[in-house]
Amino acid sequence: MSQKEISKVYSPSSIEEKWYDTWKNQGYFHSEPNKDKKPFSVVIPPPNVTGVLHMGHMLNNTIQDVLVRRARKQGYETCWVPGTDHASIATEAKVVAMLREKGLDKRDIGREEYLKHAWEWNDKYGGIILKQLEKLGCSIDWERTKFTMEPDLYWSVIHVFVDLYKKKKIYRGLRMVNWDPVGQTALSDDEVIYKDLKSKLYYVDYKIAGEDSSLTIATTRPETILGDTAICIHPEDERFKHLHGKKAIVPVVDREVPIILDDYVSMEFGTGCLKITPAHDENDYEIGQRHDLKIIDILNPDGTLSEAAEFFVGEDRFEARKLMEGKLQEIGALQKVEDYDNSIGFSERTDAIIEPRLSKQWFLSMKEISQPALKNVMDDTIRLIPEKFKNTYRHWMENVRDWCISRQLWWGHQIPAWYTGDGQVFVAETAEEALEEARKETGNPDLKMEDLTQDEDVLDTWFSSWLWPITCFEGFTKPENEDIKYYYPTNILVTAPEILFFWVARMIISGYEYMGDKPFGDVYLHGIVRDKQRRKMSKSLGNSPEPLDLVKDFGADGVRVGMLLSSPAGNDLLFDEKLVEQGRNFTNKIWNAFRLVNGWSSDNSKEYEHEVACTWMESRINETLNEVEDHFSKYRISDALMSLYKLTWDDFCGWYLEMIKPPMGEGVDQKTLGNTREYFRTILGLLHPFVPFITEEIWQYLKDKGDAEHIIVQEWPKAGQADQSILKDTEQVFKYISSIRAFKKDKNVPSGEELTLFLSAQNGTSYEKFSPYLKRMAKVSDLQFGDGPEGSVKIMVGTDALYIPFEGKIDKEAETERIRKELEHLNKFNSSIAKKLNNERFVENAPSHVVELEKKKLEDSRIKIHALEEELAQLDSK
RNA sequence: GGGUUCUUAGCUCAGUUGGUUUAGAGCACCUGCCUUACAAGCAGGGGGUCGUAGGUUCGAAUCCUACAGGACCCACCA
């Protein structure tokens, strides 16, 4: 293809789909266990089926794809398993909303009918998000797609529940839940939205039994007084020592309750006396447990007062509050009412005020089962990146609380527990097994299926996703298959720190419990994508760009680079479209370098002209490759990309191609051209994990005999030796060139005008082999080595001197001033070093290499001072 | 309230166990260029008393203490 036919601007849209389909159809994404290769496996953090691709997914999956593509090129048997999570709460909310639009209520149509609708919805809208990942270029093994509710995974979850129950790790118990009286369901903590409200604090007097005195408590919910079963004070509180062992009378209901001592009570807050309502407050419940208090549940599920309240039965809780206030006033127990700022929980779904309420839930006891998970993270068997999360992890694991795994929802894995009429529980994988067991246990062989009812609740979504690294490879259903043996443990998990406990910790726990091994080696925790003002991206703020539009506008490669450039592990990414623009510009730069090289012809009559440039370029590539490997080993992915970005843009395009660029109409000697194409291929190969599409496209023009057909599987290069002396000398030559250009700009000499140059290098290095480059790139017509003639302008580059015989006018005063300033600075510097070296304690204590270095600094600065003084003298004599 | 962590250029961040001339990078900014791969570009340039105050040390962005101000996680207060 001739250069004219290749567009001046890289246009991603024309090639992205082509290459994605090719990769997929050629089977590069698919993996099967292969004994001859080491596995590299990754499981995707399964997005919610209801989800739509957002910027967080873009970041998460770009990182995974970079790691996966690199591993594939390194020769690992690479397997990236995709899938979706049924997300019981989120999906249920959407389905319920959809039904509402049709005028249906889930309670009216019943569970079976409801689930039909849910599955329909799921089939229609679920999993769109996975499809969208193709646009980003993710090299996912699509043949392995999993869903947490498909039969195989469903059974695994049930199996694990039953197993843990049999191991006595799962139990059923009372617990305070967030109760939504409108929706009449328990809510998880995430579904409760706290809002700051102005409310009232009521001060109420309680009489002391058998005495003519009283104590005062403060409460924001006076109606709960009806459920009080104790008064609590701090054991050390001097003010109330006289109340120890006595009883108080709850006003209105006139119930005698104990005055108990517990250091939960703050002596500073309120009155120092706390009323205890175990049925309607989490902390009160715990205190109640400690002191063996009675529990009086005064609320019905719909938020009205129950029979147990005795007063205001059937009234709504807020109505009851008013009535209670009146009643307290009436009997003279209400001392005062104060304004009070309070944060109150609301239901995300119904906006009702949440009532803490006791209910029976299923729990997994965590203490024992989580021990291996704690140990193996602490000793780095599993590495958390960045490491700072180890502390948070330890803190959580050491204080781990039992996990409430039941949810009052229908979409999900229904709890495999069956109850007899009299409340006995039988847990089994199937109803038949449960029945069989029930017959045995009850001694009643006539028990029928109809006599058993299955638990209505489903399991917490995380109770299925905590098995993900196992169920992805069908580890419970097909434990004999090669898959689970070969791919488990997976190599790395890439996710956000927000779900370190919800998900990551629990996967580690289940991994040790069921596989006897960790689920993954490393955990890379990346930040949240935020907007420029550090706000979380959200639909309601409208501050999130549409990811697929970005891909359309800037190309998938551009977006990937944009996301990665500013995303060190653990830090939030402040998304700015400019980053993506920078990524797009980078792909365009690569594209144009390709256009240049592709347009060069080979001139076989020329000798090998550019050994110097080639050796340098090769050394830079090796040097960079070493850096890149180091970055990858620490998961510094943005640093790895930045190293390659600079190698490509600055070194390869900015310097190297300019060095070897032939004069108009000429070709490049065969050897140099061959080398150049080789360097380009190497750079493309290194860039491929970051910018897969453009590198694959260009590869097709540059690949050589013996190369892989597609760059996606072209072997990842191994770093060779970098020639340190050529690197150092070339860098110095680049400084000469820049200095001359700066001189010209400063003196208003047109950049194209050619000069004569004398170069006097201090350290004895011969720069003669660089002559062609100096001449060409600094526009020097005559280059000589050694000191320049009298009257030349002298420019110091480090300790080397450049002399330019300059005919133009030199502003003597300005020049003198410039040198004076530099001298002043140097002298100061020089004396500070001298002072340091004169300090005996420094010379004695500092390591010798540091002392040597200081001596060198001193020597170098002396040389420079000397040179500048000479120049000054010359200026004066003119 | 408990815990973790952070504060370096206009912005986002590096800075490895204290020691590489004047603390780096990318972007942004300023100046000059449509130079025949690329204006999505090229060349050159300015910019930081490393949050504040003490301390340890021959030497501190780096270690210690206090203070100020963020961030996150957990628990949320009658």
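Any value given below was found using the heavy atoms of this structure, including those in side chains, with hydrogens, waters and symmetry copies removed. So that the names make sense, note that chain A is the first sequence line, chain B the second, and so on, each numbered from 1.
At a threshold of 4.0 Å, the pair A:Lys661-A:Glu658 counts as salt-bridged, since one of the basic side-chain nitrogens sits closer than that to a carboxylate oxygen.
Pair assignment for B:G32 gives B:C42, based on Watson-Crick or G-U wobble hydrogen-bonding distances that are each under 3.5 Å. Searching all strands for a Watson-Crick or G-U wobble partner of B:G47 with both distances below 3.5 Å returns nothing. Nucleotide B:U56 forms no Watson-Crick or G-U wobble pair with any nucleotide shown, as no partner meets the under 3.5 Å limit on both distances.
Note on A:His825: a base of the nucleic acid sits closer than 4.0 angstrom, heavy atoms only. If you check every strand for non-hydrogen atoms under 4.0 Å, A:Thr587 touches nothing. Using a 4.0 Å heavy-atom criterion, one finds that A:Pro497 contacts no nucleic acid atom at all. Nucleic acid contact class of A:Val9 (heavy atoms, under 4.0 Å, all strands): base.
A:Ile231 CD1 to A:Leu261 CG: the interatomic distance, rounded to the nearest 0.5 Å, is 12.5 Å. Considering CD of A:Glu282 and CD1 of A:Ile287, their distance stands at 11.0 Å, rounded to 0.5 Å. From A:His526, atom NE2 reaches atom CE of A:Met563 across 9.5 Å, with rounding to the nearest 0.5 Å.
Distances shown here put every side-chain N or O of A:Arg394 at or beyond 4.0 Å from the OP1 or OP2 atom of B:G3. Put simply, A:Ser738 has a side-chain N or O that comes within less than 4.0 Å of OP1 or OP2 on B:G44. Residue A:Arg530 places at least one side-chain N or O under 4.0 Å from the OP1 or OP2 atom of B:C72. Within the structure, every side-chain polar atom (N or O) of A:Lys744 is placed at least 4.0 Å from both OP1 and OP2 of B:G32. In this model, the phosphate group of B:G15 is approached by a side-chain N or O of A:Arg636 to a distance below 4.0 Å at OP1 or OP2. A sub-4.0 Å separation between OP1 or OP2 of B:U5 and a side-chain N or O of A:Asn391 is present. Neither OP1 nor OP2 of B:A40 sits under 4.0 Å from any side-chain N or O of A:Trp649. In this structure, A:Tyr645 reaches the B:C27 phosphate: one of its side-chain N or O atoms is under 4.0 Å from OP1 or OP2.
A:Arg584 contributes a side-chain N or O that forms a donor-acceptor pair with the base of B:A40 under 3.5 Å. Within 3.5 Å, a donor on the side chain of A:Lys745 pairs with an acceptor on the base of B:U31, or the reverse. With hydrogens and angles left out, the side chain of A:Lys589 and the base of B:C38 share a donor-acceptor pair within 3.5 Å.
Side-chain proximity of A:Asn585 to the nucleotides B:G41, B:G3, B:C27 is greatest for B:G41. Across B:U5, B:C58, B:A37, the shortest atom-to-atom separation from the side chain of A:Lys661 is found for B:A37.
Rounded to whole angstrom, the span from the CG atom of A:Asn839 across to the P atom of B:G19 amounts to 18 Å.
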- Message: ring-ring contact (aromatic ring centres under 6.0 Å, His included) for A:Tyr645 and A:Phe690? Distances and angles first, verdict last.
- Response: CA-CA 10 Å; A:Tyr645 179 95; A:Phe690 302 94; over 10 Å; no

